[in-house]
Amino acid sequence: MKTLSVFGTRPEAIKMAPLLQSLNQQPQIQSIVAVTAQHREMLDQVLQLFDIHPDYDLNLMKHGQTLEDITAAVLQGLAPIMEAEKPDLVLVHGDTTTTMAASLSAYYHHIPCGHVEAGLRSGDKYAPYPEEINRRITGVLADIHFAPTPLAAKNLKTEGVAEQNIFITGNTVIDALLQATNKPCSLEGLGLDDVDWEKRVILLTCHRRENWGNPMKEIFTALNDILCHNKDVEIVFPLHKNPKVREIAYASFGNNKQIHFCEPLDYLPFSHVMKRSSLIITDSGGLQEEAPSLGKPVLVLRTVTERPEAIEAGTAMLAGNNYQTVYETTALLLNDKNTYNQMAHAINPYGDGHAAERISKAILTIYAK
Ligand code: UD1
Ligand code: UDP
């Protein structure tokens, strides 16, 4: 059988990489790859690390791209590929606009679609925006759903997805993380040479659309004040490539010597920075899944999350996206040893590193007849 995997952003690539490795090991499967390149540099970093050579590259990223730009370009760009390749199954991941438009393209061409990381729901259509609706649309279009956790599977069943089309697999991000953290890696020459790792280091990432503008200003101002009041704390902040994020970050932290900005890190050094940090503060989806595996408490810069498993396990806490809640939760984690120690317990609700294997087996069972 022939699978066509379509993805376009950094997190999709990280989470699809283990699945591509697993598909390539199956003699019955011909696995081909189309990247939309909704992200360019941040995608290429991952392609290089995992040695992925796409068969097709739509190269669609534009600076200042709108949701409409991405959706239209993915639909237009994939149509001839679907026609030429006629895959037996299209595989998409997660909740980006690439994901949503690629699953729609598969449907337009009467090709079955498998959704990896299916069933995550925040219950709020504008948070995260537009990811909550992207994944719901993909859920409606998909024929086979790879749910990372029992809760994600339950969400799908509640929405009427037939049980035999849902497979609980774990999240492939844990497969990727275990590969990365098991490899040695130097942090030299990445813009982090001045970081004092003897101090308490917070790893910060922030990029979500619903945090653009005022929420982001409040988050960064709160964290800058935290630095001013805690001289033994430093922040490492790999900046997302989006200029909207960078402008606010530079303006809010000014010349504070305790903040270390750097370019988006390759996944290998990034995973080692996660391991060396004492606390992770983020609005990212993937980091909420990775951090508990490494025993790192996570403060989530959101008002709701589609990943409540880590919160229930006690390793993550919602910090919101306003000055007061961000300041207070960060101060709590820095000053209250009991809370910190409780949250640092390494419980991993997201998988055992074998998710990709389970997904490729499920694909073979259903489609390779
Ligand atoms: C996208 C996804 C989001 C995902 C995030 C992961 C959508 C609508 N959003 O958001 O779900 O969490 O990726 O990071 O699908 N840019 C570069 N180089 C890059 C990447 C981005 O310059 O390698 C800049 C470009 O100016 C681009 C902008 O960032 O126009 C925004 O990229 P876009 O993919 O539209 O949105 P993200 O915020 O990255
Ligand atoms: N990541 C990375 N380098 C960085 C920041 C993040 O490799 O500088 C990884 C991170 O470990 C996670 C993924 O990128 O696996 C998360 O991507 P992002 O936050 O962009 O997207 P989201 O998960 O929010 O969709």
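Side chains are part of it too, since the values below use all heavy atoms of this structure and drop only hydrogens, waters and symmetry mates. Predicted model, so just to flag it, every value in this text is computed and none were measured. Order of listing sets the numbers, starting from 1, for every ligand and every atom in it.
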Original post:
Looking only at protein heavy atoms, which one is nearest to atom 18 (N) of ligand 1, and how far off is it?
Top reply: Glu41 OE1, 2.8 Å
Original post:
When you check the gap from the basic side-chain N to the acidic O, do Asp352 and Arg358 get nearer than 4.0 Å?
Top reply: yes
Original post:
At what distance is the nearest protein heavy atom to atom 16 (C) of ligand 2, and which residue and atom is it?
Top reply: Ser284 OG, 3.7 Å
Original post:
Do the charged groups of Lys257 and Glu234 touch, with an N to O distance under 4.0 Å?
Top reply: no
Subject >> Numbered atoms and elements of ligand 1 in range of Ile70, under 4.0 angstrom, heavy atoms >> reply: 35 (O)
Subject >> side-chain contact (heavy atoms from CB on, under 4.5 Å), paired with Phe146, selected from Thr169, Leu19, Ile168 >> reply: Thr169
Original post:
Between Gln30 and Ile32, does a side chain to side chain contact (heavy atoms under 4.5 Å, CB included) hold up when you go through it step by step?
Top reply: CA-CA 7 Å; Gln30 181 195 357; Ile32 58 170; 4.1 Å; yes
Original post:
What protein heavy atom sits nearest atom 17 (O) of ligand 2, and how far away is it?
Top reply: Arg10 NE, 3.6 Å
Original post:
When only distance counts, is Gly285 in polar contact with ligand 2, meaning an N/O pair under 3.5 Å?
Top reply: yes
Original post:
Is the number of heavy atoms from other residues, nucleotides or ligands within 6.0 Å of CD (Glu159) greater than 12?
Top reply: yes
Original post:
Going by the atom numbers of ligand 1, which of them fall below 4.0 Å from some non-hydrogen atom of Thr96?
Top reply: 11 (O), 15 (O)
Original post:
Among Ala13, Ala176, Gly286, Pro128, whose heavy atom sits nearest atom 23 (O) of ligand 2?
Top reply: Gly286
Original post:
Of all the atoms in ligand 2, which lie at a distance below 4.0 Å from a heavy atom belonging to His207?
Top reply: 18 (P), 19 (O), 20 (O), 21 (O), 22 (P), 24 (O)
Original post:
What atoms in ligand 2 come closer than 4.0 Å to a heavy atom of Pro264?
Top reply: 8 (O)
**OP:** Give the intermediate values and the outcome of side chain to side chain contact (heavy atoms under 4.5 Å, CB included) for residues Lys296 and Met274.
**Re:** CA-CA 8 Å; Lys296 304 296 173 184; Met274 279 195 271; 5.6 Å; no
Subject >> Worked check of salt bridge (charged side-chain N to carboxylate O under 4.0 Å, His left out) between Arg307 and Glu117 >> reply: CA-CA 11 Å; Arg307 291 166 168 93; Glu117 198 182 86; 3.2 Å; yes
**OP:** In plain terms, say whether Glu263 and Arg246 are close enough for a salt bridge, that is, a side-chain N and a carboxylate O under 4.0 Å apart.
**Re:** yes
Original post:
Quick one: does Lys244 get a heavy atom under 4.0 Å from ligand 1?
Top reply: no
Original post:
Under 4.0 Å from any heavy atom of Met274, which atoms of ligand 2 are there?
Top reply: 11 (O)
Original post:
Cluster question for you: counting only ILVMFWY and a side-chain heavy-atom cut-off of under 4.5 Å, with indirect links fine, are Leu334 and Val236 together?
Top reply: no
Subject >> Polar contact flag for Thr9 and ligand 1 (N/O pairs, less than 3.5 Å) >> reply: no
Subject >> His207: numbered ligand 1 atoms lying under 4.0 Å from its heavy atoms >> reply: 4 (C), 5 (C), 6 (C), 12 (O), 14 (O)
Original post:
What protein heavy atom sits nearest atom 36 (O) of ligand 1, and how far off is it?
Top reply: Arg209 NH1, 3.4 Å
**OP:** List the closest protein heavy-atom neighbour of atom 13 (C) of ligand 2: residue, atom name, distance to the nearest 0.1 Å.
**Re:** Ile14 CD1, 3.8 Å
Subject >> Shortest reach to atom 14 (O) of ligand 1 by a heavy atom, considering only Glu12, Arg10, His39 >> reply: His39
Original post:
Are any of the side-chain nitrogens in Asp283 or Arg209 under 4.0 Å away from the carboxylate oxygens of its partner?
Top reply: no
Subject >> Residue and atom name of the nearest protein heavy atom (relative to atom 23 (O) of ligand 1), distance in Å to one decimal >> reply: Met42 N, 2.8 Å
**OP:** Go through the steps for Arg40 and Asp57 under the test salt bridge (charged side-chain N to carboxylate O under 4.0 Å, His left out), then give the verdict.
**Re:** CA-CA 10 Å; Arg40 188 68 275 171; Asp57 187 334; 3.0 Å; yes
Original post:
Relative to the ring of Phe261, is the ring of Tyr250 parallel (under 30°), tilted (30 to 60°) or perpendicular (over 60°)?
Top reply: perpendicular
**OP:** Please could you name the atoms of ligand 2 that Leu287 approaches to less than 4.0 Å, counting only its heavy atoms?
**Re:** 10 (C), 11 (O), 12 (C)
Original post:
Tell me: protein heavy atom nearest atom 25 (O) of ligand 2, and distance?
Top reply: Pro11 CG, 3.4 Å
Original post:
side chain to side chain donor-acceptor pair (under 3.5 Å) with Glu289: which of Asn348, Asn171, Thr149?
Top reply: Asn171
Subject >> Ile281 vs Leu279, side chain to side chain contact (heavy atoms under 4.5 Å, CB included): CA-CA, chis, key distance, verdict >> reply: CA-CA 7 Å; Ile281 304 185; Leu279 173 62; 4.2 Å; yes
Original post:
Which residue and non-hydrogen atom of the protein lie closest to atom 11 (O) of ligand 2, and at what distance in Å?
Top reply: Glu290 OE1, 2.8 Å
Subject >> N or O pair under 3.5 Å between Trp212 and ligand 1 >> reply: no
Original post:
Do the charged groups of Arg135 and Glu132 touch, with an N to O distance under 4.0 Å?
Top reply: yes
Subject >> Identity and distance of the protein heavy atom lying nearest atom 35 (O) of ligand 1 >> reply: Gln65 NE2, 2.9 Å
Original post:
Counting heavy atoms only, which part of Pro11 comes closer than 4.0 Å to ligand 1: side chain, backbone, both or neither?
Top reply: side chain
**OP:** Determine whether any heavy atom of Leu43 lies closer than 4.0 Å to an atom of ligand 1.
**Re:** no
Original post:
Out of Arg135, Lys62, Met100, Lys241, whose heavy atom is nearest to atom 30 (O) of ligand 1?
Top reply: Lys62
Subject >> Ion pair check, Arg10 and Glu41, cut-off under 4.0 Å >> reply: no
Original post:
Counting from 1, what ligand 1 atoms have a heavy atom of Leu67 closer than 4.0 Å?
Top reply: 8 (C)
Original post:
Considering only heavy atoms of His63, which atoms of ligand 1 have at least one such atom less than 4.0 Å away?
Top reply: 22 (O), 25 (C), 26 (O), 30 (O)
Original post:
Just going by heavy-atom distances, which of Asn134, Asp95, Asn242, Thr97 is nearest to atom 31 (C) of ligand 1?
Top reply: Asn242
**OP:** Measure the shortest side-chain to side-chain distance between Ile363 and Phe167 over non-hydrogen atoms and say whether it is less than 4.5 angstrom.
**Re:** no
Original post:
Short list, please: which atoms of ligand 2 are under 4.0 Å from a heavy atom of Arg208?
Top reply: 24 (O)
**OP:** Examine the proximity of ligand 2 to Tyr267 and report which part, side chain or backbone, both or neither, has a heavy atom under 4.0 Å away.
**Re:** both
Subject >> Protein residue, atom and distance nearest to atom 8 (O) of ligand 2, heavy-atom basis >> reply: Leu265 N, 2.8 Å
Original post:
Taking everything shown except Tyr108 itself, do over 12 heavy atoms lie less than 6.0 Å from its OH?
Top reply: no
Original post:
Is it the side chain, the backbone, both or neither of Glu131 that has a heavy atom closer than 4.0 Å to ligand 1?
Top reply: side chain
Original post:
Should you measure from each heavy atom of Gly64, which atoms of ligand 1 turn up under 4.0 Å away?
Top reply: 26 (O), 30 (O)
Subject >> Geometric N/O contact Thr205 with ligand 2, under 3.5 angstrom >> reply: no
**OP:** Find the distance between NE2 (His207) and CG (Asn211) and round it off to the nearest 0.5 Å.
**Re:** 9.5 Å
**OP:** Check each heavy atom of Pro130 against ligand 1 and say whether those closer than 4.0 Å belong to the side chain, the backbone, both or neither.
**Re:** side chain
**OP:** Starting from atom 7 (C) of ligand 1, find the nearest protein heavy-atom neighbour and note its residue, name and distance.
**Re:** Gln38 NE2, 3.3 Å
